[in-house]
Amino acid sequence: MGNKLVQISLAGAPHPEVAHSRESMGPLGPQSSASSGKTFYLETFGCQMNVHDAEKVAGTLIARGYRPVERHEEADLILYNTCSIREKAGEKVFSRLGALKKHCRKSPKVIGVLGCVAQQEGERIFERAPQVSLVCGSASYTKLPDLLDQLEAGNRRVTGLDLDTDECFETELTRRDNPFRAYLTIIEGCDQRCSFCVVPTTRGPERSRPSNKILAECRRLVDEGYTEIQLLGQIVNAWEDASPRRLRFAELLARVAEVPGLRRVRFTTSHPRYFTPEIVQAIETHPTLCDQIHLPVQSGSTRVLSRMLRGYSREEYLAKIDCIRPARRAISISTDIIVGFCGEAIEDFEQTMTLLDAVEYDQVFSFKYSPRPETAAVGFEDTIPEEEKGQRLARLQEHQRRIQLRRNQAAVGQEFEVLVESYQPRLGQSVGRTTSNRVVNFPGAPEWVGRSMQVRVTAAGPNSLVGVRADQAGSGGMTP
Ligand code: 5AD
């Protein structure tokens with residue numbers, strides 16, 4: 001989902017909600033309270049789903065008395081929450097594990113690999129990295145407390161690799177890192193079987209959470225002070241209500257948007273196959289639903305789309321875009337694109353280039369095709385040389401850069417509501433986002449984080465805007 005590969009480590013003060021402790025003994029040593037107890041270091045690679053999984057894993061650990069630390073050197077338990085969407089992402093954890101080897105000889109640690117690489121590689125991880133004690137895929141996170149029991153009881157190798165589940169990772173113990181924006185998973189897994197994609201084998205079958213649980217969690221999050229909620233799912237709009245209410249996805253969006261106190265609701269990632277005009281209508285009628293849709297196209301060529309098993313043609317995709325563009329509220333559109341998929345002729349690639357002009361995306365996340373194990377496309381023979389993939393990617397990115405620059409420059413002089421997310425002391429700037437997910441930098445103050453402000457745009461680059469607070473407009477600007 002999305003495109004950016006995030007890499008975060010999780011540490012800091014425990015969330016008060018989950019900062020209670022539990023007695024235990026084992027290879028992690030004696031532990032009697034959160035402050036005197038074991039420590040963990042958790043590093044996450046990959047998509048927002050992974051980031052949110054990490055928040056739940058962290059909550060589970062903190063509830064057992066573990067304390068998060070910033071550096072792996074200080075941790076008793078080191079966890080890597082991994083991504084295997086492309087080969088490079090998958091290899092990252094092995095370079096981390098290699099680097100740990102020397103360190104662990106000096107001071108023994110318990111090391112675990114979680115997430116998509118764990119599911120994909122399974123027990124092979126123990127062969128490649130014998131220092132690892134825990135291997136657990138995301139579909140088995142409900143078993144984490146048991147697995148931790150086993151580790152604490154002295155077991156040297158424990159695994160959670162069962163994919164045959166109808167459970168979601170439901171926990172009250174989520175340790176959310178951002179004080180304003182909360183991720184909330186509504187559907188886990190994926191049943192789509194796109195020929196390039198490893199997700200169905202790493203995250204298991206689709207499991208939707210019932211609407212009553214989702215709405216109750218939204219209300220609880222608002223009570224806790226969150227003002228923005230991001231509904232997550234590999235295919236968020238494939239969500240089906242398991243409760244007797246049988247809400248449709250667009251109805252769920254509307255209900256979430258109506259939760260009193262919520263200011264912004266986003267959802268990602270939508271699949272074009274399940275994208276309906278009702279979703280656009282929900283956005284039009286509920287200002288809380290952000291004017292932003294991420295709709296991965298993957299390719300502009302119908303021939304390639306059909307080999308990718310995406311379930312739509314170029315024309316059908318463009319028809320979806322046609323129902324977004326006339327909305328009463330301008331909606332920004334972003335996408336994911338893969339270049340150099342097996343058999344992508346130069347004419348196919350040119351079709352992707354012309355699609356960029358036809359849609360005029362606000363943001364594009366683009367990747368070179370990377371063959372993944374156990375996907376249909378590993379059996380396709382007509383591969384494209386890496387160098388050619390690289391050239392196509394560079395052409396596509398340069399073309400899109402110009403489109404984005406043009407679109408962002410059209411925003412100069414306009415005012416937007418910006419939710420401030422951070423402060424950069426070195427530059428004296430606040431950084432926030434518009435409802436359409438554009439990043440805006442403007443002269444600010446540390447205490448503005450979490451506030452909503454009207455900002456007038458004074459300059460634009462391809463990836464961000466620069467502005468001044470509307471009530472201070474006219475006092476000069478900066479360059480992006
Ligand atoms: N190679 C390259 N990119 C991929 N993606 C998914 N699988 C692959 C792959 N095998 C991209 C898609 C998806 C995004 C999250 O990652 O564009 O939408």
Side-chain angles (χ1 to χ4, degrees), residues 5 7 9 26-29 38 40-47 49-50 53-54 57 60-61 66 71-73 75-165 169 189 196-205 370-379:
L5 187 72
Q7 177 187 325
S9 58
L28 299 167
K38 302 157 291 191
F40 73 97
Y41 170 84
L42 170 55
E43 190 174 355
T44 291
F45 305 93
C47 61
M49 292 285 283
N50 261 13
D53 283 345
V57 170
T60 306
L61 287 165
Y66 287 78
R71 292 156 27 94
H72 67 76
E73 291 87 343
D76 302 307
L77 173 63
I78 300 176
L79 295 174
Y80 294 110
N81 182 21
T82 58
C83 167
S84 66
I85 196 87
R86 284 167 291 277
E87 191 182 356
K88 243 195 202 153
E91 281 305 308
K92 248 184 199 152
V93 64
F94 291 105
S95 67
R96 284 288 193 285
L97 291 169
L100 268 186
K101 234 186 211 159
K102 209 172 91 211
H103 177 76
C104 288
R105 248 177 258 132
K106 280 187 272 163
S107 100
K109 312 270 182 197
V110 176
I111 300 170
V113 177
L114 308 177
C116 294
V117 174
Q119 192 66 51
Q120 187 186 293
E121 296 299 316
E123 297 190 357
R124 285 195 296 265
I125 292 179
F126 296 134
E127 288 159 32
R128 204 166 153 187
Q131 69 273 40
V132 171
S133 298
L134 164 71
V135 174
C136 182
S138 66
S140 302
Y141 286 163
T142 44
K143 301 201 184 86
L144 259 185
D146 284 350
L147 298 176
L148 290 166
D149 279 345
Q150 291 176 37
L151 280 178
E152 287 165 1
N155 278 7
R156 176 67 184 86
R157 292 215 159 136
V158 300
T159 56
L161 293 168
D162 197 2
L163 263 189
D164 185 19
T165 176
F169 185 21
F196 54 82
C197 189
V198 78
V199 168
T201 41
T202 57
R203 285 194 165 264
S370 161
R372 305 311 292 131
E374 291 176 64
T375 57
V378 276

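Residues take their numbers from the sequence shown, with the count starting at 1. Quick note: numbers below take in every heavy atom, side chains included, and nothing from hydrogens, waters or symmetry partners. Not measured: the values here are computed from a predicted model.
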| said: Quick one: does any side-chain atom of N50 pair with a main-chain N or O of T82 as donor and acceptor, under 3.5 Å? | reply: yes
| Rounded to the nearest 0.5 Å, what separation is found between the OH atom of Y80 and the NE2 atom of H72? | 5.5 Å
Atom pairs and distances, side-chain donor-acceptor, residues 111-122, under 3.5 Å, sequence neighbours left out:
{"unit_1": "Q119", "atom_1": "NE2", "unit_2": "L161", "atom_2": "O", "d": "2.8"}
{"unit_1": "Q120", "atom_1": "OE1", "unit_2": "S84", "atom_2": "OG", "d": "3.1"}
{"unit_1": "E121", "atom_1": "OE1", "unit_2": "R124", "atom_2": "NE", "d": "3.3"}

| query | Which heavy atom of V132 sits nearest a heavy atom of V135, and at what distance? | reply | CG1-CG2, 3.9 Å
| Verdict with reasoning, L79 to L134, per side-chain contact (heavy atoms from CB on, under 4.5 Å) | CA-CA 9 Å; L79 295 174; L134 164 71; 3.9 Å; yes
| field | Contacts of E91 that satisfy salt bridge (charged side-chain N to carboxylate O under 4.0 Å, His left out) - sequence neighbours left out | value | R128
| remark: Output for pair (D149 CG, N155 CG), nearest 0.5 Å, gives 10.0 Å
| Check: T44 side chain, N81 main-chain N or O, donor-acceptor pair, under 3.5 Å | no
| message | So, taking the atom named CG in D76 and the one named CG in L151, what distance separates them when rounded to the nearest 0.5 Å? | response | 12.5 Å
| remark: Smallest heavy-atom separation, V93 atom then G90 atom, equals CG1-O, 3.5 Å
| query | Is any side-chain heavy atom of T165 closer than 4.5 Å to a side-chain heavy atom of K143? | reply | no
| request: Please test R372 against T201 for side-chain contact (heavy atoms from CB on, under 4.5 Å), starting from the C-alpha separation and ending with a verdict. | output: CA-CA 10 Å; R372 305 311 292 131; T201 41; over 6 Å; no
| field | Residues which pass side chain to side chain contact (heavy atoms under 4.5 Å, CB included) with P130, listed by chain and number, not counting sequence neighbours | value | R157
| task | Take Q131 and I78 through the side-chain contact (heavy atoms from CB on, under 4.5 Å) test and state the conclusion after the steps. | result | CA-CA 11 Å; Q131 69 273 40; I78 300 176; over 6 Å; no
| note | Taken to the nearest 0.5 Å, the spacing of L42 CG from Y66 OH works out to 12.5 Å
| message | Nearest 0.5 Å, please: how far is OG1 in T60 from OH in Y141? | response | 10.5 Å
| field | Side-chain (K38) to main-chain (L77) donor-acceptor, under 3.5 angstrom | value | no
| task | Please check if atom CD in E73 has more than 12 non-hydrogen atoms from other residues, nucleotides or ligands closer than 6.0 Å. | result | yes
| Any donor-acceptor N/O pair, S133 side chain to V110 backbone, under 3.5 Å | no
| note | In this structure, OG1 of T202 is separated from CG of L163 (nearest 0.5 Å) by 8.0 Å
| field | Residue pair F126 / V158: nearest heavy atoms and the distance that separates them | value | CZ-O, 4.0 Å
